[in-house]
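So you know, we letter chains A, B, ... as the sequences are listed, proteins then strands, and number each from 1.
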Amino acid sequence: MAHVCIHWFRKGLRLHDNPALMSALRGCQEIYPLFILDPCIHNKDTLGVNPWRFLMGALQDLDGSLRKLNSRLFVVRGKPQDVLPQLFREWGVSRITYEYDTEPYSRSRDRKVSELAKEHGVEVVYKISHTLHDIDRIIEENNGKAPLTYVRFQTVLKALGPPKRPIPAPTVQDMKDVKTQCLENHYGLPSLEELGHDLSCLQDALFPGGEEEALRRLEENMQRTGWVCSFEKPQTAPNSLSPSTTVLSPYVTFGCLSARTFWWRLSDVYQGKKHSAPPVSLHGQLLWREFYYTASVGVPNFDRMLDNPVCTQIDWDTNPEYLAAWREARTGFPFIDAVMTQLRREGWIHHLARHAVACFLTRGDLWISWEEGQKVFEELLLDGDWALNAGNWLWLSASAFFHQYFRVYSPVAFGKKTDKHGDYIKKYLPVLKKFPVEYIYEPWKAPLSVQKAAGCIVGKDYPSPIVEHDVISKKNIQRMKTSYAKRSQVVSESPQPKKGAKRKAPSVLDMLKNNNSKK
DNA sequence: TACTCCGTTGCAGCT
DNA sequence: AAGCTGCAACGGAGT
């Protein structure tokens, strides 16, 4: 019997390498490609204007591509568990397909939807295509635990072999027996205004959303074979005037570009040539993504400090003034403020720029919890991927994965290495553009006469630095040392085995393992 | 258990 | 220019 099918797009906003969509088309007489605007995810507080616009672009592109296949995208608003049962009845649906999503919110949502589907006699089909591998298989291969080091992660992946090859997008031929009721004037695309953002200060999108742009951008980058083969992430500049990396991350985050398509396209370029290797290569970057996805599945409460077994417990300060200064680009450190300005304005900043501002907010200078930084990044980044965002904040704050807390980024020195004239600062903070090169990273050191000549008085036209970095960073290293000392105490004080008992004291790793097997 | 080795991306100062 | 050292010193993983 032929099916009436909903393919539910959530991430995976693409037609290429979309196995769940292909499953929808098999034995299907009628398809409803669907996107649900979920108030829990798509709201003004958690989704800033830039990522919202990116999503709009991606949906528009998807609708256009589906129309070329004589179909369209249907957009509805509401909680999926409320909306879907109505649509099941209204459209006479017999099957729903979607891409598997590992995020905790998505998993609980999908569990509820699965139950509702069963109640309505709707078959549920889901496929793995957001990650290179089946994340649960990686954890299984590592004895039920998420690997906590990249080296270990690579060893585990070797046992699994290379990722699956991507599959092509459906063609008109694939769709020839599949109808879509077009229902024009219903289920239309959302508008940019819909979330109620202020659009007046919005500049043209540097990175427009959508699969077409994603594949164009991929090809554009892959043409530069020498650059691709010699790519080493730590050697790329955080403060070049145009991006020094691919900026494919927003497209991978929303699934406009398949990670597997990216992986195999890189393999094509590498073929027969000498090339860089993980962790620094472009393949290595995709593996970092996979690493954090695996950790986010294997570690409970991954995006929090409390009850997160891999996260060092640190006595972060509550300091709304410092936090506001950081997020609003008025710390008085031009490099930090320029990065935060670029983030807010354009929605993308280089990975090392993220390091610099993340270190500054947390263990380096302001001693504010990484969870606060995580929220700001989540709102403003085009590539605010839940697992990567949490994982990188854990890393940078030296709360997990990375432990050399005595390596502190200098808000003055770090940027100078790759932009000694401060052109990047002048681009994003034009108020400083007349400062002489020698003061551009430290304008408060300029004599008043120089400040006057530059038309910018520090403390009036541009803020004075909110902390004394050299002093505070040394103090903070000592605070880190204290937190780490407590950490090892906690581990050694964990319950000892009773005499004669075979079981060892549960370590952090055992806790992880137990949590995982309970699932 | 105790030990070594090593870790995508620190900084300042030196050669 | 790239690569070393001293700074004060971490944990995970393997032996």
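- The partner of dT9(B) cannot be assigned: no Watson-Crick or G-U wobble pair with both contacts below 3.5 Å exists in any strand.
- Taking atom CZ of R479(A) as the reference point, atom C1' of dA8(C) lies 19 Å away to the nearest angstrom.
- Within the 4.0 Å cut-off from OP1 or OP2 of dC10(C), not a single side-chain nitrogen or oxygen of K481(A) is found.
- Regarding K145(A), its NZ atom lies at a distance of 11 Å from the C1' atom of dA13(C), rounded to whole Å.
- Salt bridge annotation for K127(A)-D134(A): absent, with no cationic side-chain nitrogen under 4.0 angstrom from a carboxylate oxygen.
- Among the heavy atoms of the strands lying under 4.0 Å from Q285(A) is at least one base atom, whether or not backbone atoms are also near.
- Rounded to an integer number of Å, the gap from Q478(A) CD to dC10(C) C1' is 13 Å.
- The pair E213(A)-R216(A) meets the salt-bridge criterion, with a side-chain N (NZ, NE, NH1 or NH2) lying under 4.0 Å from an Asp/Glu carboxylate O.
- Here W227(A) contributes atom CH2 and L282(A) contributes atom CG; the two are 5.5 Å apart, rounded to the nearest 0.5 Å.
- For DNA chain B, the contact window with chain A, defined by any atom under 4.0 Å from a protein heavy atom, covers dG7(B) to dA12(B) in 5' to 3' order.
- Q374(A) places a side-chain N or O within donor-acceptor distance of the main-chain N or O of D303(A), the cut-off being under 3.5 Å.
- At a threshold of 4.0 Å, the pair K475(A)-E468(A) does not count as salt-bridged, since none of the basic side-chain nitrogens sits closer than that to a carboxylate oxygen.
- A salt bridge links E372(A) and K375(A); the closest N-O separation between the charged side-chain nitrogens and carboxylate oxygens is under 4.0 Å.
- Ring planes of F402(A) and W395(A): parallel class, angle under 30° (limits at 30 and 60°).
- Using P as the reference atom, dT8(B) and dG14(C) are 14 Å apart when rounded to the nearest Å.
- Between H355(A) and Y409(A), the ring-plane angle classifies as perpendicular under the 30° and 60° cut-offs.
- For the pair K486(A) NZ and dG11(C) P, the computed distance is 15 Å after rounding to whole Å.
- In this structure dA9(C) sits in no base pair that meets the Watson-Crick or G-U test at under 3.5 Å.
- The distance from atom CZ of F153(A) to atom C1' of dG14(C) is 20 Å, rounded to the nearest whole Å.
- At the phosphate of dG11(C), neither OP1 nor OP2 sits under 4.0 Å from any side-chain N or O atom of R152(A).
- Annotation: dT1(B) and dT15(C) have their C1' atoms spaced 12 Å apart (nearest Å).
- Atom CZ in R363(A) sits roughly 15 Å away from atom P in dA9(C) (whole-Å rounding).
- When both distances must be under 3.5 Å, the Watson-Crick or G-U wobble mate of dT15(C) is dA2(B).
- Under 4.0 Å is where a charged nitrogen must lie from a carboxylate oxygen, and between E103(A) and K11(A) at least one such pair does.
- Spacing of P atoms, dC4(C) relative to dG7(B), comes out at 14 Å, to the nearest Å.
- Residues from residues 399-420 of chain A placing a heavy atom under 4.0 Å of any atom in DNA chain B, listed by number, are Q404(A), R407(A), V408(A), Y409(A), S410(A), A413(A), F414(A), K417(A).
- Distance noted for atom C1' between dC5(B) and dA9(C): 15 Å (whole Å).
- Residues D419(A) and K416(A) are not paired through a salt bridge, judged by the lack of any N-O separation under 4.0 Å between the basic side chain and the carboxylate.
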